[in-house]
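Below: one structure, written as structure tokens.
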Amino acid sequence: AGAIEWLPVARVPNLVRALEGLKERGIWVLGADLRDAEPLWQVSDALLQGDLCLVMGAEGRGLRPSTRGALDVAVEIPMAGRVASLNVATATAVVLFEAMRRSHPSGD
């Protein structure tokens, strides 16, 4: 909860239009989804090292089709066993950790 003080957050009336606007400004739009997505560890380093907008879907339903269509890439966090997915907070932490790890490979 403390990170909200440091992260830019925007409320927009139309998410798809907002994502398209970000893409026009050179910001990559990455979304986490379970359907037909690329494993997180296979995503290009270049994508995770640039300006990035992360889109997370609702637990259970995932991303809406229109939102999914606005992504540059959809990623999944591969799971083993009977559990198919993580809750949205945990999945967000995993994706943010991987983006941070790749954008600062030397640990800086």
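Worth knowing before you read on, the calculation uses all heavy atoms, side chains too, and leaves out hydrogens, waters and symmetry mates.
- For Ser44, the side chain to side chain donor-acceptor pair (under 3.5 Å) criterion is met by no residue, not counting sequence neighbours.
- In plain terms, the two heavy atoms of Ala99 and Leu52 that are nearest each other are CB-CD2, 4.0 Å.
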Show me, pair by pair, the donor-acceptor contacts under 3.5 angstrom made by side chains of residues 8-24, not counting sequence neighbours?
unit_1 : atom_1 : unit_2 : atom_2 : d
Asn14  : OD1    : Val16  : N      : 3.2
Asn14  : OD1    : Arg17  : N      : 2.8
Lys23  : NZ     : Ala70  : O      : 2.9

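- Hydrophobic clustering keeps Val95 apart from Val55 (ILVMFWY residues linked when any side-chain heavy atoms are closer than 4.5 Å, directly or through intermediates).
- Evaluation of the salt bridge (Lys or Arg N to Asp or Glu O under 4.0 Å) test over residues 87-97, restricted to residues two or more places apart or in two chains, returns none.
- Note on residues 76-87: no pairs pass salt bridge (Lys or Arg N to Asp or Glu O under 4.0 Å), not counting sequence neighbours.
- Under the side chain to side chain donor-acceptor pair (under 3.5 Å) criterion, the residue pairs touching residues 28-39 are Asp33-Arg35, Asp33-Arg68, with sequence neighbours excluded.
- For the side-chain contact (heavy atoms from CB on, under 4.5 Å) test, residues two or more places apart in sequence or in another chain that qualify with Leu86 are Ile77, Met79, Thr90, Ala91, Val94.
- By the rule that hydrophobic residues join a cluster once side-chain heavy atoms approach within less than 4.5 Å of another member, Leu54 and Val73 end up as members of one cluster.
- Linking Ile, Leu, Val, Met, Phe, Trp and Tyr whenever their side-chain heavy atoms come within less than 4.5 Å leaves Phe97 and Met56 in two separate clusters.
- Within the structure, salt bridge (Lys or Arg N to Asp or Glu O under 4.0 Å) pairs that include any residue of residues 85-99 comprise Glu98-Arg101, Glu98-Arg102 (at least two apart or interchain).
- Remark: side-chain polar atoms of Asp72 are paired, donor with acceptor, to backbone N or O of Val29 under 3.5 angstrom.
- Transitive grouping of hydrophobic side chains (ILVMFWY, heavy atoms separated by less than 4.5 Å) keeps Leu71 and Val75 in distinct clusters.
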